[in-house]
Trainee: 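Pasting in a structure now, in structure tokens, and then I'll have a few things to ask.
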2 protein chains.
Amino acid sequence: MTHGYSHQVTTPPPAEPRFTLDRTSPVPLYYQLAQQLEAAIEHGVLSPGSLLGNEIDLAGRLGLSRPTVRQAIQSLVDKGLLVRRRGVGTQVVHSQVRRPLELSSLYDDLEASGQNPATRVLHNRVRPATPEVAAALRMPEGSEVVVLERLRLTHGEPVAFLCNFLPAGLLDLDSAKLEETGLYRMLRAAGITLHSARQSIGARSATAEEAERLGEAEGAALLTMERTAYDNTGRPVEFGAHVYRASRYAFEFQLLVRS
Amino acid sequence: MTHGYSHQVTTPPPAEPRFTLDRTSPVPLYYQLAQQLEAAIEHGVLSPGSLLGNEIDLAGRLGLSRPTVRQAIQSLVDKGLLVRRRGVGTQVVHSQVRRPLELSSLYDDLEASGQNPATRVLHNRVRPATPEVAAALRMPEGSEVVVLERLRLTHGEPVAFLCNFLPAGLLDLDSAKLEETGLYRMLRAAGITLHSARQSIGARSATAEEAERLGEAEGAALLTMERTAYDNTGRPVEFGAHVYRASRYAFEFQLLVRS
DNA sequence: AAGTGGTCTAGACCACGGT
DNA sequence: CCGTGGTCTAGACCACTTG
């Protein structure tokens with residue numbers, strides 16, 4: 001092979017997308033940059049495997065300081081979109097799938113995948129907490145809790161039976177609203193910001209009653225989830241025991257490795 | 001109420017734990033601080049809900065700059081141990097449970113919970129990839145892959161049947177080693193650093209063969225997981241289809257809400 | 001040896017929450 | 001109003017990777 005001029009052995013020069021920063025905006029500069037980087041990756045302007053160019057130059061070109069640029073890049077590294085390697089540079093990750101694991105709302109999941117979800121509220125009353133529920137919500141046994149039973153359907157077919165417990169008086173749980181949207185959206189709307197949740201996913205065979213409700217045969221395999229959700233202060237906000245038709249639903253998500 | 005001297009209406013003064021930083025250590029200062037903070041929280045020296053004291057003072061007392069202290073605190077916020085609120089301060093989260101969701105190795109999970117795991121390798125051969133496996137590993141159909149079938153037991157009882165596929169030649173998969181440890185540890189030991197994985201968790205009824213292998217009745221509910229794991233560069237490294245006895249295993253984990 | 005990200009400093013001003 | 005975290009700057013030196 002002859003060594004001609006300007007031959008490119010490795011990566012083509014980074015096809016620098018244009019970034020526009022608005023210093024008068026209340027949106028932080030690092031966040032503006034992160035969003036535009038993410039969009040460039042999403043739209044393929046920055047192709048998988050391509051290098052980003054070093055942080056110092058990038059900062060200079062953008063008129064930002066290096067820590068600010070690093071903060072933008074770091075947020076995308078945390079999302080799994082970029083990988084940094086010392087001595088090498090920052091690269092766009094090759095993976096094709098980019099779904100994070102979230103504290104998933106079944107309603108939102110179904111809606112996002114175009115499944116046209118519907119909800120039927122079967123039960124919505126205040127009851128004294130059973131020992132199990134009281135323990136999960138860290139309330140005295142017998143405290144008043146809202147007991148909520150809902151059937152979730154897509155295209156008119158049952159997908160899941162959802163049983164939830166919330167401290168009474170935490171928010172107004174209007175049945176009509178609940179049929180229009182998801183429980184988590186109502187929590188957000190009520191100013192309750194979720195912080196974390198503890199989940200357990202298992203399986204079991206359908207009882208006669210469950211089979212009836214979900215339109216499955218008795219003994220069919222069902223997917224189960226129990227979840228306790230906590231707010232900012234660590235207070236339990238919601239406890240739920242859900243049962244899904246395994247023939248129509250599975251939990252899908254992407255994990256990032258803690259490094 | 002009389003207003004005496006030094007009465008405390010709200011939070012007691014932060015019981016400042018002692019932090020010792022070693023500037024000669026190769027361990028980053030922010031990381032040393034983060035570890036000691038985490039230990040203090042873990043051991044209850046910093047109790048749930050207590051404030052941390054403002055960042056400027058903390059930096060001054062420790063002889064660090066504020067950004068360094070912030071970096072330490074941020075890492076614990078990302079782990080869900082601390083919460084920051086503007087105008088208020090940084091607090092230890094109230095929650096009692098502190099298990100993160102990880103790209104879980106079943107072997108490690110079981111070992112960590114004192115279950116004394118064992119592995120029986122049933123099959124370990126190189127085969128041409130089926131269309132499904134080839135697609136998952138993004139290899140041409142018929143490429144050589146290692147097909148691995150293992151039975152996982154605790155206390156001598158079967159818990160799961162694990163079927164895995166890896167590109168042939170990626171690493172040496174010695175059956176004896178596989179019975180002593182987990183697949184993920186072998187990948188790490190071979191210098192393969194996992195970056196992310198795509199998982200799907202579902203359920204189904206046991207076939208006669210599965211029931212036989214796992215010691216369940218035919219038709220019993222089983223928990224299933226399919227996973228494709230990717231390395232730093234986004235290349236698929238492993239595809240697995242696992243089946244768990246629902247009567248003896250469930251996936252448990254904690255989620256943090258993206259904020 | 002050159003280039004990269006990793007860490008660290010010592011300041012600054014702003015936005016928000018509570019008093 | 002004051003105190004808090006949130007953002008940002010303009011440098012510095014180090015550790016690692018690659019040629």
Side-chain angles (χ1 to χ4, degrees), chain A residues 3 7-11 13-14 21-35 37 50-78 82-93 191 193 232-233 259, chain B residues 3 7-11 13-14 21-35 37 50-78 82-93 191 193 232-233 259:
Chain A
H3 285 243
H7 83 182
Q8 293 173 346
V9 196
T10 54
T11 316
L21 300 171
D22 176 5
R23 295 191 98 97
T24 72
S25 162
V27 178
L29 294 172
Y30 81 89
Y31 193 78
Q32 293 183 37
L33 176 55
Q35 280 187 317
L37 276 169
S50 65
L51 286 166
L52 220 59
N54 80 61
E55 299 172 348
I56 313 268
D57 289 357
L58 192 52
R61 277 200 301 278
L62 295 170
L64 295 174
S65 68
R66 188 185 171 204
T68 301
V69 170
R70 275 184 67 81
Q71 195 175 359
I73 291 176
Q74 187 58 46
S75 71
L76 298 187
V77 170
D78 291 342
L82 297 176
V83 185
R84 289 208 244 234
R85 276 186 287 172
R86 197 150 33 181
V88 178
T90 303
Q91 285 181 302
V92 179
V93 152
T193 57
N232 272 341
T233 71
S259 53
Chain B
H3 284 244
H7 84 180
Q8 294 172 347
V9 194
T10 55
T11 316
L21 300 171
D22 176 5
R23 294 192 100 96
T24 72
S25 162
V27 178
L29 293 172
Y30 80 88
Y31 194 78
Q32 293 183 37
L33 176 55
Q35 281 188 317
L37 275 169
S50 65
L51 287 166
L52 220 59
N54 81 61
E55 298 172 347
I56 313 267
D57 289 358
L58 192 52
R61 278 200 300 277
L62 295 171
L64 294 174
S65 68
R66 187 184 170 202
T68 302
V69 170
R70 273 184 69 80
Q71 195 175 359
I73 291 176
Q74 188 59 46
S75 70
L76 298 188
V77 171
D78 292 342
L82 296 177
V83 184
R84 290 206 240 234
R85 278 187 286 172
R86 197 145 43 175
V88 178
T90 303
Q91 285 181 302
V92 179
V93 151
T193 56
N232 273 340
T233 72
S259 54

Trainee: I'd like a list of close polar pairs between nucleotides 16-19 of chain C and the protein, N/O only, cut-off under 3.5 Å.
Mentor:
| from | atom 1 | to | atom 2 | distance (Å) |
| --- | --- | --- | --- | --- |
| dG17(C) | O4' | R86(B) | O | 3.2 |

Trainee: Looking only at the side chain of R84(A) (C-beta and beyond, no hydrogens), which of the listed nucleotides dG6(C), dA10(C), dG6(D) gets closest?
Mentor: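 Output: dG6(C).
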Trainee: How many whole angstroms separate atom CZ of R66(B) from atom C1' of dG6(D)?
Mentor: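 In whole Å, dG6(D) C1' lies 7 Å from R66(B) CZ.
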Trainee: State, with a plain yes or no, whether a side-chain heavy atom of D22(B) is found less than 4.5 Å away from one of V27(B).
Mentor: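 Side chain of D22(B) against side chain of V27(B), heavy atoms only: no contact under 4.5 Å found.
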Trainee: Take the C1' atoms of the five end pairs on each side of the helix from dA1(C)-dT18(D) to dG18(C)-dC1(D), get both axes, and report the angle to 10 degrees.
Mentor: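 Inter-axis angle at the ends, rounded: 20°.
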Trainee: Can you tell me if the side-chain N/O atoms of S65(A) get under 4.0 Å from OP1 or OP2 in dG11(D)?
Mentor: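 No.
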Trainee: For the pair made of CD in Q91(B) and P in dG5(D), what is the distance, rounded to whole Å?
Mentor: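 Answer to the nearest Å: 11 Å.
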Trainee: Which of residues 24-34 of chain B sit near DNA chain C, with a heavy atom under 4.0 Å from it?
Mentor: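 Here the set is P28(B), L29(B), Y30(B).
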Trainee: Would you compute the distance between atom CZ of R70(A) and atom CG of L64(A) and round it to the nearest 0.5 angstrom?
Mentor: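 That separation rounds to 14.5 Å.
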Trainee: Taking atom OG1 of T90(A) and atom CG of L51(A), what is their separation to the nearest 0.5 Å?
Mentor: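 Here the interatomic distance stands at 8.0 Å.
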Trainee: Return the minimal non-hydrogen interatomic distance between R23(B) and G63(B), and the atom names on each side.
Mentor: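 Where R23(B) meets G63(B) most closely, the heavy atoms are NH1-O, 3.3 Å.
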Trainee: When rounded to the nearest 0.5 angstrom, what is the spacing between CZ in R61(A) and CD1 in I56(A)?
Mentor: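 The CZ atom of R61(A) sits 12.0 Å away from the CD1 atom of I56(A).
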Trainee: Rounded to whole angstroms, how far apart are CD1 on I56(B) and C1' on dT7(D)?
Mentor: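 My rounded result for the distance is 12 Å.
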Trainee: Give me the residues of residues 68-76 of chain B where at least one heavy atom lies under 4.0 Å from an atom of DNA chain D, by number, or none.
Mentor: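 Heavy-atom contacts with DNA chain D come from R70(B).
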Trainee: With the side chain counted from C-beta on, respond yes when L29(A) and L62(A) share a heavy-atom pair under 4.5 Å apart, and no when they do not.
Mentor: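 SC-SC contact between L29(A) and L62(A) ruled out.
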Trainee: Measure the CD-CG distance between Q71(A) and L76(A) for me, rounded to the nearest 0.5 Å.
Mentor: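 The CD atom of Q71(A) sits 11.5 Å away from the CG atom of L76(A).
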Trainee: Report the distance from atom CG of L82(B) to atom P of dT4(D), rounded to the nearest whole Å.
Mentor: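 It works out to 16 Å between those atoms.
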Trainee: How long is the line joining CG of N54(A) and C1' of dT17(D), in whole Å?
Mentor: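 Spelled out: CG on N54(A) to C1' on dT17(D) is 14 Å.
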Trainee: State, to 0.1 Å, how close S75(B) and A72(B) come at their nearest heavy-atom pair, and which atoms those are.
Mentor: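 That closest heavy-atom pairing would be OG-O, 2.7 Å.
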Trainee: Hey, does V93(B) have a side-chain heavy atom less than 4.5 Å from the side chain of L82(B)?
Mentor: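 A side-chain contact is absent here, since even the closest heavy-atom pair is not under 4.5 Å.
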Trainee: Given atom CD of E55(B) and atom P of dC8(C), what is their separation to the nearest angstrom?
Mentor: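 Roughly 16 Å, once rounded to whole Å.
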Trainee: Can you measure L51(A) atom CG to dG3(C) atom P for me and round it to whole angstrom units?
Mentor: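 That distance rounds to 15 Å.
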Trainee: How would you list, by chain and number, every residue that makes a side chain to side chain donor-acceptor pair (under 3.5 Å) with T68(B), sequence neighbours excluded?
Mentor: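 Only S65(B) meet the side chain to side chain donor-acceptor pair (under 3.5 Å) criterion with T68(B).
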Trainee: Can you list the residues that meet the side chain to side chain donor-acceptor pair (under 3.5 Å) rule with R84(B), with sequence neighbours excluded?
Mentor: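 Side chain to side chain donor-acceptor pair (under 3.5 Å) check on R84(B) returns E55(B), Q74(B).
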